[in-house]
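Notes to accompany the following structure.
All figures in this text were calculated on a predicted structure; none of them were measured in a lab. Reckoned from all heavy atoms, side chains included, excluding hydrogens, waters and symmetry mates.
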Amino acid sequence: MKKTWLLGLGFFSISLTWALYNAFVPLFLDNYLKSAALIGFMMTIDNYFAMFLQPWIGHRSDKIRTRFGRRMPFLLIGMPLGAVFASLIPLHNSFVTLVLFMVLMNLSMSLFRAPTVALMPDITPEAKRTRANGIINLMGGIGSVLAFGVGSKLYGIGSFVPFLFAGITMLICMAVLKAVIKEPIVTGLAVSSKSETHPPVRIKDQLDRTTLFILGAIFCWFVAYQGVEALFTLYGTKHMGMTDGEASFSLTFFSLAFLIFALPSGWLGAKFGKKKVIMAGVAGLFLVFASIVFLDSILMLRVMLIVGGVFWACININSYPWVISTGAEESIGTRTGIYYFVSSLAAITSPPLLGWVIDVFGYSALFISASAGLLLALCFLLGASSGERSAEDRSAA
């Protein structure tokens, strides 16, 4: 698992960069836009790139063959570009240049996100993939925590310093990944060859019944999670009477519980099966969100958020390996792109959808609607078979 920890550096740099981006870019936009809705829309650019570009990039990374491997070329191009444009964002001198650097950074990050994720199952045996996903999510979580802990101090030195720090970190991580990660040799010829050993991987062929049910569940639970994450501060201040600081700090309990339980949830998925652990997580998070509806104590709310973070780890750590395990080995990049398409679609859909529900029914409807999303996800899970195939079966598929 040593290579898995090193691969986690890729997720560490991605999470570090995005956390800094989400924390400070709204401050830059606020100098030009006075509408919170417009600022919020500008901050969803990455989800649009993820929804449309990452499935194609993941699919292409399944098909190419180079001396650097299938995934590594995307890292070697995207990570330096991402580092450069992230460093340029705070150096903008107008709204046009700010948006230009934001778009170019988002485009660059989309070039290597799916291939980086696909590297994990490439170098990890099937039996260890849930634990490996726990490791890389732990590394990503550490990157986010570091960004929040150190980023504010670096920002006090100068607005460009945290972004420069993120860019340098990304380049260092890329160098380590290039030196250490050796992709396995994949049978079959380049995509341009006229006599391939394996039939071409087509996206529509991956959408079998089991996969569609899994993707439906993923969409529903991400709608629930993303809506709560985006609107919780407003819920805390307007519904429970918290200060801004108390509301934002309360979410830390959820995030830290997820971070601490990332590795154990991967172990549980490997031991008892991904579907069983995910279903337990969805059912548990449904009960947590449903109970929050009736809480008026900040202390009890934070206790329930800790429990919710544990259940969210059971869901999130095991879902991507489950999507991969239901397809052939040759389709890992393609299925990774499909996974990010669905999760990004949920991220785009959820805040305005749950925001509209709040506008109509009040803030108490936030956790009611999030609970409904989880209940719907559970229904999709009941309709899906475990779908997990052995590595030999997937290679022969």
Which residues satisfy the ring pair (Phe, Tyr, Trp, His ring centres under 6.0 Å) test with [X], sequence neighbours excluded?
X	value
Phe163	Phe28
Phe11	none
Phe289	Phe367
Tyr340	none

Measure the spacing between [atom1] of [X] and [atom2] of [Y] and express it to the nearest 0.5 Å.
X	Y	atom1	atom2	value
Asn106	Trp18	CG	CH2	4.0 Å
Leu177	Met72	CG	CE	6.0 Å
Trp56	Arg60	CH2	CZ	5.5 Å
Ile14	Cys173	CD1	SG	9.5 Å
Leu378	Leu382	CG	CG	5.0 Å
Met105	Leu88	CE	CG	11.5 Å

- Message: Is there a side chain to side chain contact (heavy atoms under 4.5 Å, CB included) between Ser364 and Tyr235? Walk through the geometry before answering.
- Response: CA-CA 8 Å; Ser364 60; Tyr235 176 87; 5.6 Å; no
Would you say that [X] contacts [Y] through its side chain, given a criterion of any heavy-atom pair below 4.5 Å between the two side chains?
X	Y	answer
Leu301	Phe232	yes
Phe222	Ser350	no
Arg335	Thr326	yes
Ile172	Thr169	no
Pro80	Leu171	yes
Phe95	Leu29	yes
Phe160	Leu91	yes
Ile142	Phe12	yes

- Item | The single option from Ile77, Leu81, Leu75 passing side chain to side chain contact (heavy atoms under 4.5 Å, CB included) against Met79 |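 For Met79, the side chain to side chain contact (heavy atoms under 4.5 Å, CB included) check succeeds only for Leu75.
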- Message: I need the single residue from Thr210, Ile338, Leu345 that forms a side chain to side chain contact (heavy atoms under 4.5 Å, CB included) with Leu215. Which is it?
- Response: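 Among Thr210, Ile338, Leu345, the one that satisfies the side chain to side chain contact (heavy atoms under 4.5 Å, CB included) with Leu215 is Ile338.
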At their closest point, which heavy atom of [X] faces which heavy atom of [Y], and how far apart are they?
X	Y	answer
Tyr225	Phe254	CE1-CE2, 3.6 Å
Leu374	Val282	O-CG1, 3.4 Å
Met102	Tyr21	CE-OH, 3.2 Å
Ser15	Gly140	CB-O, 3.0 Å
Gly373	Cys220	O-CB, 3.4 Å
Ser87	Gly167	OG-CA, 4.1 Å

Does a donor on one side chain and an acceptor on the other come within less than 3.5 Å for [X] and [Y]?
X	Y	answer
Arg113	Thr336	no
Tyr339	Ser319	yes
Thr4	Arg131	no

Are [Y] and [X] co-members of a hydrophobic cluster defined by side-chain heavy atoms under 4.5 Å apart?
X	Y	value
Val293	Leu287	yes
Ile57	Ile64	yes
Met242	Leu299	no
Leu76	Leu119	yes
Leu295	Val310	no

Does [X] use its side chain to pair, donor to acceptor, with the backbone of [Y] at less than 3.5 Å?
X	Y	result
Ser325	Trp322	yes
Ser344	Phe341	no
Thr124	Pro121	no
Glu246	Thr243	yes
Asn318	Ser265	yes
His92	Ile89	yes
Lys274	Gly266	no
Asn133	Ile317	yes
Ser13	Met170	no

- Message: If you apply the rule side chain to side chain contact (heavy atoms under 4.5 Å, CB included), what do you find for Val25 with Met42, and how did you get there?
- Response: CA-CA 10 Å; Val25 168; Met42 295 300 296; over 6 Å; no
- Task: Please name all residues satisfying salt bridge (Lys or Arg N to Asp or Glu O under 4.0 Å) with Arg71, sequence neighbours left out, ordered by chain then number.
- Result: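 Counting only residues at least two positions away or on another chain, Arg71 forms a salt bridge (Lys or Arg N to Asp or Glu O under 4.0 Å) with Asp62, Asp122.
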- So Leu381 and Phe213, side chain to side chain contact (heavy atoms under 4.5 Å, CB included) or not? Walk me through it. CA-CA 7 Å; Leu381 290 175; Phe213 271 100; over 6 Å; no
- Task: With sequence neighbours excluded, give me every side-chain hydrogen bond (donor to acceptor under 3.5 Å, both in side chains) pair touching residues 287-316.
- Result: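 Pairs touching residues 287-316 that pass the test: Ser250-Arg302.
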- Derivation of the side chain to side chain contact (heavy atoms under 4.5 Å, CB included) call for Leu212 and Phe380: CA-CA 9 Å; Leu212 288 173; Phe380 275 111; over 6 Å; no
